[in-house]
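In this text the structure is predicted, and so the values were computed from the model without any measurement. The first residue in the sequence is number 1, and the count goes up from there.
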Amino acid sequence: MRLLLIEDDDRIALPLTEGLGRYGFTVQWARTGAAGLDQADAPDLVLLDLGLPDMDGLDVCRSLRARSAIPIIMITARGEEADRVAGLELGADDYMAKPFGVRELVARIRAVTRRTSAQVVVQPGPAGASAAPPAAAVPQQLGPLRLDRRTREVRLSGREAALSPREFDLLAYLAQDPGAVLSRQQIMDAVWDPHFFGPTKTLDAHVAALRRKLGDAAWITTARGVGFRLTVPGGPTGEAAGE
C-alpha cells in the first residue's frame with residue numbers, strides 16, 4: 001500500500017517512514033503542502049500534518065478533497081476539538097494528535113482502508129442462470145439523489161456531489177432505510193468501527209458536512225436524543241432538520 005506523508009519535520013517524518021516501512025507500507029514523503037498536492041495522484045492514502053511551512057494543512061485537505069476521494073488521516077500537534085472538527089468537516093477520514101505510536105497509526109490506516117474499500121461480491125449461480133444483480137450493484141434513487149454503491153458516486157439532480165469516503169459511507173448507511181431513525185451508536189458501529197475511539201463530535205461533524213454538500217439540511221434530520229434519519233426534502237417523510 002502506498003502512503004503519501006506530508007510532513008515538514010524530519011524528526012517525525014524519518015522515523016515514521018522507517019516504522020511504516022516495517023509494516024509493509026511504501027511511503028512517499030513531501031515536506032510542503034505544495035509538494036504534497038503535486039504528488040497526491042498516486043498514493044492510496046494521505047497522512048497530512050497541519051503545521052506546514054508554506055500553507056495550512058486544512059487548505060491542503062480542502063484542495064485534496066475537491067479533486068479526489070483519497071482517504072486522508074490528519075496527524076498533527078493540534079489537539080483542540082475545534083481543530084479536529086474543522087479537519088473532519090473538510091473531509092478528513094481520521095484525526096490523530098501527536099504524539100502517537102506507529103502501531104496505533106497502522107491500526108487507523110487499516111481501519112480507514114477497510115471502510116473506504118468498495119467491494120461487491122457476486123455469488124456464482126447455476127450455469128446459464130439469469131440472476132438479478134446484487135442490491136449494491138443497482139443505483140438507488142431518492143428523489144433528486146442518485147446513490148451508486150458500486151462506483152461510490154452520488155449525484156444530485158444530475159450533478160456529482162464530491163463526498164469524502166466517510167461521508168459516502170454515512171450517506172449509504174442512512175439510505176439503506178430512508179425515514180428510519182438510526183441511533184448514534186448504530187451509525188458509529190457501522191460507519192466507523194465498534195471499537196472506534198475518537199472525538200465525541202466526529203459524527204456530528206460528518207453529518208454537518210454531508211448536509212452542506214447535499215445543499216439542504218433537510219436531507220438528514222435529527223431525532224433528539226436518539227440519532228439521525230435520511231429523508232427526501234419535501235417528500236412524505238421530510239421534516240425540519242437540525243438540533
Side-chain angles (χ1 to χ4, degrees), residues 1-9 12-52 55-78 83-84 86-119 149 151-154 162-172 190-193 195-199 202 205-206 209-210:
M1 183 176 180
R2 299 164 298 173
L3 308 177
L4 172 61
L5 171 63
I6 306 178
E7 167 67 66
D8 66 310
D9 192 337
I12 294 174
L14 290 173
L16 198 54
T17 299
E18 181 181 349
L20 290 170
R22 290 198 296 267
Y23 283 88
F25 296 99
T26 299
V27 182
Q28 189 176 358
W29 176 22
R31 288 181 169 86
T32 67
L37 290 172
D38 287 341
Q39 301 174 46
D41 294 330
D44 301 304
L45 183 143
V46 174
L47 301 173
L48 174 62
D49 182 30
L50 294 188
L52 299 171
M55 58 194 301
D56 193 289
L58 292 175
D59 293 327
V60 177
C61 181
R62 184 183 293 106
S63 297
L64 286 172
R65 189 54 70 227
R67 72 191 201 194
S68 170
I70 186 171
I72 300 171
I73 298 178
M74 289 184 170
I75 52 171
T76 177
R78 302 183 196 174
D83 292 311
R84 295 196 298 266
L88 294 169
E89 284 187 333
L90 286 173
D93 296 280
D94 206 343
Y95 192 110
M96 295 186 66
K98 300 172 184 175
F100 52 80
V102 173
R103 285 191 299 175
E104 181 186 0
L105 177 58
V106 169
R108 300 275 189 126
I109 291 171
R110 289 172 176 166
V112 167
T113 301
R114 285 197 301 270
R115 291 192 296 266
T116 57
S117 295
Q119 297 182 350
R149 292 175 174 81
T151 62
R152 295 181 69 85
E153 290 182 339
V154 174
L163 306 185
S164 72
R166 190 72 61 78
E167 290 163 359
F168 179 91
D169 291 341
L170 173 57
L171 178 62
V191 180
W192 276 260
D193 187 283
H195 307 293
F196 174 79
F197 177 80
T202 294
H206 280 80
L210 193 51

Item to check | Pairing residues for D8 by the side-chain hydrogen bond (donor to acceptor under 3.5 Å, both in side chains) criterion, not counting sequence neighbours | outcome: none

Next on the checklist: Rounded to the nearest 0.5 Å, what separates atom CG in L16 from atom CD1 in I75?
Outcome noted: 5.5 Å

Next on the checklist: With a 3.5 Å distance limit and no angle check, can you tell me whether S68 reaches the backbone of L64 through a side-chain donor-acceptor pair?
Outcome noted: no

Item to check | Between CZ on residue R67 and CZ on residue R62, distance to nearest 0.5 Å | outcome: 14.0 Å

Item to check | Rounded distance [0.5 Å steps], CG in L45 versus CG in L47 | outcome: 5.5 Å

Checklist entry - Judged by atom type as modelled, is there a donor-acceptor pair below 3.5 Å linking the side chain of D93 to the main-chain atoms of I73? => result no

Next on the checklist: Once side-chain contact (heavy atoms from CB on, under 4.5 Å) is applied, do any residues pair with A69, and if so which ones, sequence neighbours excluded?
Outcome noted: P165

Item to check | Residue pair I70 / P43, side-chain heavy-atom distance below 4.5 Å | outcome: yes

Checklist entry - Got L90 and C61 here, is their nearest side-chain heavy-atom distance under 4.5 Å? => result yes

Checklist entry - Would you say E167's side chain and S164's backbone share a donor-acceptor pair under 3.5 angstrom? => result yes

Checklist entry - Do K98 and F100 have side-chain heavy atoms sitting under 4.5 Å apart? => result yes

Item to check | Non-hydrogen side-chain atoms of Y23 and I109 separated by less than 4.5 Å | outcome: no

Checklist outcome for this item: side-chain contact (heavy atoms from CB on, under 4.5 Å) filter on L50, not counting sequence neighbours, yields L58, M74, T76, R78, Y95

Item to check | Electrostatic pair R166-D94, nearest N-O below 4.0 angstrom | outcome: no

Next on the checklist: Is there a side-chain contact between I6 and V46 in this structure, where contact means two heavy atoms from C-beta onward sitting under 4.5 Å apart?
Outcome noted: yes

Item to check | Qualifying residues under side-chain hydrogen bond (donor to acceptor under 3.5 Å, both in side chains), relative to R110, sequence neighbours excluded | outcome: none

Next on the checklist: Check this for me: does any side-chain nitrogen of one of R114 and D169 sit under 4.0 Å from a carboxylate oxygen of the other?
Outcome noted: no

Item to check | Results of salt bridge (charged side-chain N to carboxylate O under 4.0 Å, His left out) for R103 - residues two or more places apart only | outcome: none

Tabulate below the donor-acceptor pairs under 3.5 Å that side-chain atoms of residues 27-40 make, not counting sequence neighbours, or state none.
unit_1	atom_1	unit_2	atom_2	d
Q28	NE2	Q39	OE1	2.8
W29	NE1	E7	O	2.7
T32	OG1	A35	N	3.1
Q39	NE2	A35	O	3.3

Checklist entry - Can you tell if the side chain of M1 reaches within under 4.5 Å of the side chain of T26, non-hydrogen atoms only? => result no

